[in-house]
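Each chain gets a letter, A, B and so on, in the order the sequences are listed, and its residues count up from 1.
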Amino acid sequence: MAYNHLAVEKKWREIWLKNKEYKTDVYDFSKPKYYVLDMFPFPSGQGLHVGHPEGYTATDIIARMKRMQGFNVLHPIGWDSFGLPAEQYAMKMNKHPYEFTIKNINNFRRQLQLLGFSYDYDREVTTCEPSYYKWTQKIFSMMYQDNLAYVDYKPVNFCPELGTVLANEEVIDGKSERGGYPVIRKPMKQWNLRITAYADRLASDLDELDWPNSTIEMQINWIGKSYGTEIVFDVKGTTDSFKVYTTRADTLFGATFVTLAPEHPLVKKITTKEEKDKVEAYIKECESKSDLERTGTNKEKTGIFTGAYAINPINNKEIPIYIGDYVLASYGSGAVMACPAHDERDYVFAKKYGIDIIPVLEGDISKEAFTGDAKHINSDFINGMMIDEAKKTITNKLIELGKGNFKVNYKLRDWLFSRQRYWGEPIPIIFYKDGTVGVEDDLPLVLPELDEYKPSGTGESPLVHAISWLHVNKNGKEGVRETNTMPQWAGSCWYYIRYIDPHNDKEIADKKLLDHWLPVDLYVGGQEHAVLHLLYARFWHKYLYDKGVVSCKEPFKKLFHQGMILGSNGEKMSKSRGNVINPDDIVEKYGADTLRLYEMFMGPLEDSLPWNDGGCEGSRKFIDRVYRLYTESEYVTRFSDENLHELDYVYNYTVKKVTKDFESLQFNTAISQMMIFINEVYKAKSIYKPYMENFIKMFDCICPFVGEEIWHILGHDDMITYTSWPTYDESKLTKNTIKLAVQVNGKLRDTIEVNVDEDENSVKEKALGSEKVTKFIEGKEIVKVIYVKGRIVNIVIKG
RNA sequence: GGCCUAAUGGCGAAAUUGGUAGACGCGUUGGACUCAAAAUCCAAUGGUAGCGAUACUGUGUCGGUUCGAGUCCGACUUGGGCCACCA
């Protein structure tokens with residue numbers, strides 16, 4: 001009987017949905033909880049691609065296993081539907097973002113259900129619905145009142161093509177992360193979130209997370225914590241002074257100039273009359289440069305002398321003050337001291353402008369700066385010290401002189417949080433005519449309807465055209481609303497919290513529930529969010545922790561990044577390459593179970609792997625093979641309620657391996673073990689029925705449709721999801737005799753059979769007595785015989 | 001340039017974490033069944049030599065540690081990812 005995937009999958013899909021089979025009673029605290037989460041999708045117009053089901057299948061397998069293991073499982077899904085991508089897409093299709101989004105969501109849901117994911121669909125959250133973004137706005141308001149959201153006027157990343165500003169995290173190589181359009185620096189009045197206030201905790205709390213190393217590294221690098229010294233330099237002949245930040249205070253005796261950022265507030269004041277014209281021209285030139293030009297690879301260092309001199313506080317030497325655009329106004333104090341002998345950039349700069357290079361460490365500086373560790377020279381009281389000691393000693397001396405201090409700095413900048421776009425959460429702020437600023441307390445502040453959604457391109461949000469929405473009168477006070485909207489990332493900062501209590505209109509979520517369900521036990525999604533979503537969400541979570549909303553410090557205990565599914569040629573799937581596989585087609589042709597099985601069997605979940613039609617067909621073959629075993633009389637008649645022990649070893653080993661491999665998301669090896677089991681069953685004369693019942697439970701996690709079908713063919717009326725996970729008998733895994741490899745000088749020569757706890761001498765005797773081995777050791781001196789229990793015998797010979 | 005990560009048959013990969021390299025699957029070849037095909041089943045399948053048992057060789061390259069290295073150490077090559085003037 002051939003397996004009819006279309007009929008079977010349709011049948012169970014309808015039954016599961018009708019019965020709300022996978023609904024979670026979050027108030028049931030009687031069982032241990034397990035919260036397994038996918039990064040929710042942005043519902044594009046193209047629908048799911050085959051990449052989506054990879055991560056989703058992984059979490060679905062875990063959800064199904066955990067249910068069988070007796071956990072109360074929370075496995076939700078939702079829609080990341082606000083933000084730039086959704087808006088761009090809608091505009092491209094000339095559709096209203098809302099209608100367009102809802103249509104796409106319906107299509108996505110249909111596809112997810114087609115694939116048999118055991119989500120609780122009553123728990124969906126949609127970030128662009130007022131019932132959801134009411135609380136996104138609420139959290140923003142709370143942050144505003146706690147001085148974590150503020151307006152600042154400063155140069156920001158502005159993308160003319162997208163018509164909006166972007167966060168640092170959204171700018172890559174001077175281009176927009178989305179679309180790859182040029183980004184320029186432009187001073188604008190914008191909202192920021194004070195993520196820097198959490199920099200230290202965001203870095204240090206990474207320790208307690210079960211996350212991929214590479215992602216932790218990326219966050220650490222992005223936060224960029226460094227320990228250094230702040231040093232005060234007086235400007236010669238004035239009462240002015242400025243601070244520099246350095247991680248190499250030990251090189252202070254070798255400082256031969258200082259450089260200020262062109263934007264440094266002191267520049268105009270200290271520049272001498274003689275240099276004024278040149279300096280002003282240079283500053284103008286810097287301003288006109290794009291971000292890419294200022295930060296591009298191997299860019300030549302430029303700068304200009306201000307005519308002023310600074311006093312080195314450690315030896316009162318006068319050194320020239322330069323300005324240079326390689327000094328960033330936004331990092332440290334926007335000023336650096338330069339010791340060209342021991343810093344590559346300073347070395348290049350000094351050579352170019354003919355500035356003294358004084359070595360203060362023993363090392364060759366004839367061709368380039370010496371940046372390694374060595375004893376100090378030419379440095380008075382730190383002579384002879386290595387870097388670490390010298391830094392401490394000199395900083396302590398500066399403290400004594402009142403000219404410096406130890407200082408910690410971060411690369412992380414505050415999060416630029418406003419966008420000049422239509423399709424986002426309105427920022428619930430009112431600017432009153434009397435100059436005061438107020439928070440809109442009547443939330444949600446609903447996004448108004450507009451005739452024109454497109455950004456003006458001048459840096460103004462489209463919401464300025466919503467006249468009646470824009471102007472407010474609160475208790476007689478007139479004002480205008482903030483017209484910028486929140487960025488794409490806002491809604492995803494806390495959606496995992498809302499899943500726990502999605503219909504609560506009184507609060508973010510019931511505290512009792514949050515305490516029970518958080519943190520998320522397993523979070524699966526792409527690595528592209530390593531420093532965007534995953535950093536922002538941790539920031540909001542920590543804020544909500546401080547406010548007592550949540551009770552755990554970190555939102556996502558274990559994180560896993562699935563790899564990408566590539567085209568059959570090993571390239572990224574894309575329309576232009578014509579190598580896109582549509583999951584709907586696979587489901588139609590082979591069934592959802594096949595797609596799930598194949599994607600899990602392809603290789604390690606974290607790897608990027610090429611699609612292969614043959615491999616997909618092979619997975620379907622395995623499903624047929626399993627199905628036939630349970631349905632064809634040739635095999636079913638061998639099923640027995642009595643265990644004749646034929647399959648004891650392979651069964652118990654399979655349960656053990658599958659359990660362990662599922663737990664660590666190594667589905668490819670779990671599946672290969674299931675294949676081995678099925679191959680053995682085909683060969684067996686007597687098949688112990690309970691083994692087959694338990695096997696199908698494990699198999700069901702990957703292929704839930706055929707799993708459910710077979711479960712019912714076996715005569716059960718209940719649903720397989722809420723049965724119990726198989727256990728294994730360790731005693732069945734120990735064999736009496738084992739095959740042992742025998743090597744001579746490390747080369748395999750024979751295998752012998754020995755008892756598991758056979759005496760060492762007896763094993764060695766057997767090994768030496770082997771005919772094949774004798775050939776190689778005859779007439780040679782045996783230096784020693786190494787025996788590793790249960791592993792190997794190695795005979796070492798000489799001559 | 002810095003950091004991270006990988007490299008194993010014709011292909012996707014596995015390897016008890018230093019102990020029989022290539023499990024499992026795909027593909028290929030041969031065979032069975034069939035009038036024939038599909039499906040299914042059986043067998044072979046890293047390379048070289050040999051009818052064969054078998055021998056030699058083999059995990060990107062070079063070197064090292066070890067009784068023993070795909071696995072550990074050092075240098076390099078190539079691919080992927082992230083950051084990129086952060087003082």
Check: [X] side chain, [Y] main-chain N or O, donor-acceptor pair, under 3.5 Å:
| X | Y | result |
| --- | --- | --- |
| A:Asn409 | A:Ser226 | no |
| A:Glu177 | A:Ile172 | no |
| A:His5 | A:Asp593 | no |
| A:Lys352 | A:Thr302 | no |
| A:His561 | A:Pro212 | no |
| A:Arg596 | A:Pro53 | no |
| A:Ser333 | A:Lys243 | yes |
| A:Asn579 | A:Ser574 | yes |

Quick one: label [X] by what it contacts on the DNA or RNA (base, sugar-phosphate, nothing), any heavy atom closer than 4.0 Å.
| X | answer |
| --- | --- |
| A:Asn679 | sugar-phosphate |
| A:Ser226 | sugar-phosphate |
| A:Thr751 | base |
| A:Gly224 | nothing |
| A:Lys739 | base |

* **Donor-acceptor pair between A:Trp489 and A:Glu170 side chains, under 3.5 angstrom** => yes
* Trace of the salt bridge (charged side-chain N to carboxylate O under 4.0 Å, His left out) decision for A:Glu730 with A:Lys656 -> CA-CA 9 Å; A:Glu730 188 73 49; A:Lys656 182 179 181 175; 3.3 Å; yes
Shorter than 3.5 Å, N or O on both sides, protein versus nucleotides 66-70 of chain B: list them out with atom names.
{"unit_1": "B:rC67", "atom_1": "O2'", "unit_2": "A:Asn794", "atom_2": "ND2", "d": "3.2"}
{"unit_1": "B:rC67", "atom_1": "O2", "unit_2": "A:Asn794", "atom_2": "ND2", "d": "2.5"}

Span that lies between the [atom1] atom of [M] and that of [N], in whole angstrom:
| N | M | atom1 | answer |
| --- | --- | --- | --- |
| B:rA37 | B:rC33 | P | 12 Å |
| B:rA39 | B:rC24 | C1' | 22 Å |
| B:rU48 | B:rA32 | P | 27 Å |
| B:rG70 | B:rU57 | P | 13 Å |
| B:rG58 | B:rA69 | C1' | 14 Å |
| B:rG25 | B:rU45 | C1' | 14 Å |
| B:rG50 | B:rC56 | C1' | 12 Å |
| B:rG1 | B:rG9 | P | 29 Å |

* Structure fact -> Only one of A:Phe622, A:Phe667, A:Tyr630, A:Tyr627 passes ring pair (Phe, Tyr, Trp, His ring centres under 6.0 Å) with A:Phe699, and that residue is A:Phe622
* For B:rG10, is chi within 90° of 0 (syn) or not (anti)? -> anti
* Structure fact -> B:rU17 glycosidic conformation (syn if within 90° of 0, otherwise anti) is syn
Tell which nucleotide pairs with [N], taking only Watson-Crick or G-U wobble pairs whose two distances are both under 3.5 angstrom.
| N | answer |
| --- | --- |
| B:rU45 | B:rG27 |
| B:rG79 | B:rU5 |
| B:rC33 | none |
| B:rG22 | none |

* **Test side-chain hydrogen bond (donor to acceptor under 3.5 Å, both in side chains) applied to A:Glu169 and A:Trp222, step by step** => CA-CA 9 Å; A:Glu169 290 81 356; A:Trp222 191 260; 3.0 Å; yes
Could you state the [atom1]-[atom2] distance from [X] to [N], rounded to the nearest angstrom?
| X | N | atom1 | atom2 | result |
| --- | --- | --- | --- | --- |
| A:Arg791 | B:rG18 | CZ | C1' | 10 Å |
| A:Ile671 | B:rA23 | CD1 | P | 18 Å |
| A:Ile792 | B:rG18 | CD1 | P | 14 Å |
| A:Leu412 | B:rC83 | CG | P | 14 Å |
| A:Ile172 | B:rG81 | CD1 | P | 12 Å |
| A:Lys572 | B:rG79 | NZ | P | 17 Å |
| A:Trp222 | B:rC3 | CH2 | P | 19 Å |
| A:Tyr649 | B:rU16 | OH | P | 14 Å |

When you measure from the side-chain N and O atoms of [X] to the phosphate of [N], is any distance below 4.0 Å, counting only OP1 and OP2?
| X | N | value |
| --- | --- | --- |
| A:Tyr326 | B:rA87 | no |
| A:Lys747 | B:rU57 | yes |
| A:Lys621 | B:rC26 | yes |

Tabulated below should be each protein N or O lying under 3.5 Å from an N or O of nucleotides 51-55 of chain B; please produce it.
none

* Asked: Are there more than 12 heavy atoms of other residues, nucleotides or ligands under 6.0 Å from atom CD of A:Glu765?
  -> no
* Among B:rU57, B:rC24, B:rA87, the one nearest A:Ile676 by side-chain distance -> B:rC24
* Asked: Considering only side-chain heavy atoms of A:Ser672, which listed nucleotide, B:rC24, B:rU20, B:rC3, is closest?
  -> B:rC24
* Asked: Closer to the 5' end of RNA chain B via nearest nucleotide, is it A:Gln527 or A:Gly618?
  -> A:Gly618
* Asked: Taking for each residue the nucleotide of RNA chain B bearing the nearest heavy atom, is the 5' side occupied by A:Met218 or by A:Val793?
  -> A:Val793
* Do NZ/NE/NH1/NH2 and the carboxylate oxygens of A:Asp624 and A:Arg620 come within less than 4.0 Å? -> yes
Show the distances under 3.5 angstrom between N or O atoms of the protein and N or O atoms of nucleotides 4-14 of chain B.
{"unit_1": "B:rG12", "atom_1": "O2'", "unit_2": "A:Met602", "atom_2": "O", "d": "2.5"}
{"unit_1": "B:rA14", "atom_1": "OP1", "unit_2": "A:Asn668", "atom_2": "ND2", "d": "2.9"}

* Asked: What do the steps show when you test A:Thr251 against A:Leu361 for side chain to side chain contact (heavy atoms under 4.5 Å, CB included), and what is the final call?
  -> CA-CA 8 Å; A:Thr251 63; A:Leu361 280 89; 4.2 Å; yes
